[in-house]
Amino acid sequence: MSAWLALLGAGLLEVAWALGLKYSDGLTRFWPTAATAVAIVLSFALMALALRSLPFGTAYAVWTGIGAVGSILVGMILYSEPTDPVRLICLTLIVAGMVGLKLNSPV
């Protein structure tokens with residue numbers, strides 16, 4: 001598996017575990033809590049795999065960026081959070097930063 005694919009999977013699982021935290025009701029509901037724990041472990045495992053060949057700073061920034069952008073998009077879609085132009089511009093800037101890091105990465 002390529003490091004970038006592992007990093008993408010780790011970032012998407014970060015979104016999944018953040019969403020799981022929302023549904024776990026403070027870690028008091030068993031199945032959402034269990035799913036959250038599994039997503040956390042898998043996200044960390046894929047991140048560790050990606051870190052074998054990607055620079056630490058780049059990998060961490062992209063991982064958290066995927067998590068942030070994904071969580072904001074999930075909030076907009078599932079919870080009708082605001083989609084005003086400033087918010088969308090900020091999301092675009094985060095994505096642009098991640099693309100820039102990818103393009104400037106030695107791997």
(request) Report the distance from atom CE of M98 to atom CG of L8, rounding to the nearest 0.5 Å. (result) 9.5 Å

(request) First locate atom CH2 of W17, then atom OG of S24, and finally report the distance between them rounded to the nearest 0.5 Å. (result) 11.5 Å

(message) Please check: side-chain N/O of S71 versus main-chain N/O of A68, any donor-acceptor pairing under 3.5 Å?
(response) no

(request) Can you spot which of L7, V62, L49 makes a side chain to side chain contact (heavy atoms under 4.5 Å, CB included) with L54? (result) L7

(request) Could you tell me whether a side-chain N or O of D84 sits under 3.5 Å from a main-chain N or O of R87, the two making a donor and an acceptor? (result) yes

(message) Is there a path of hydrophobic side-chain contacts, each under 4.5 Å between heavy atoms, that joins V69 and L103?
(response) yes

(request) Please name the pair of heavy atoms, one in D25 and one in T28, separated by the smallest distance, quoted to 0.1 Å. (result) O-OG1, 2.5 Å

(request) Please examine the side chains of L91 and L73, heavy atoms only from C-beta on, and report whether any two atoms are closer than 4.5 Å. (result) yes

(message) Is there a path of hydrophobic side-chain contacts, each under 4.5 Å between heavy atoms of I/L/V/M/F/W/Y residues, joining V95 to M76?
(response) yes

(request) State whether the side chain of S105 and the backbone N or O of L101 hold a donor-acceptor pair below 3.5 Å, judged by distance alone. (result) no

(message) Give me the atom names and distance for the closest heavy-atom approach of S43 to A10.
(response) OG-O, 2.8 Å

(message) Are V41 and L19 linked, directly or through intermediate hydrophobic residues, by side-chain heavy-atom contacts shorter than 4.5 Å (ILVMFWY only)?
(response) no

(request) Take I66 and E14, measure what side chain to side chain contact (heavy atoms under 4.5 Å, CB included) needs, and give me the verdict at the end. (result) CA-CA 8 Å; I66 293 168; E14 186 181 0; 5.9 Å; no

(request) Just say parallel, tilted or perpendicular for the rings of W63 and F44, cut-offs at 30° and 60°. (result) perpendicular

(request) Starting at CD1 of I40, measure out to CG of L21 and round the result to the nearest 0.5 Å. (result) 6.0 Å

(request) Treat each ILVMFWY residue as a node, draw an edge where side-chain heavy atoms are under 4.5 Å apart, and state whether L13 and L5 are in one component. (result) yes

(message) So, taking the atom named CG in L42 and the one named CG in L46, what distance separates them when rounded to the nearest 0.5 Å?
(response) 6.5 Å

(request) Inspect the surroundings of CZ in F56 and state if more than 12 heavy atoms from other residues, nucleotides or ligands are less than 6.0 Å away. (result) no

(request) Indicate, with yes or no, if V15 and Y23 share a hydrophobic cluster defined by side-chain heavy-atom contacts under 4.5 Å among Ile, Leu, Val, Met, Phe, Trp and Tyr. (result) yes

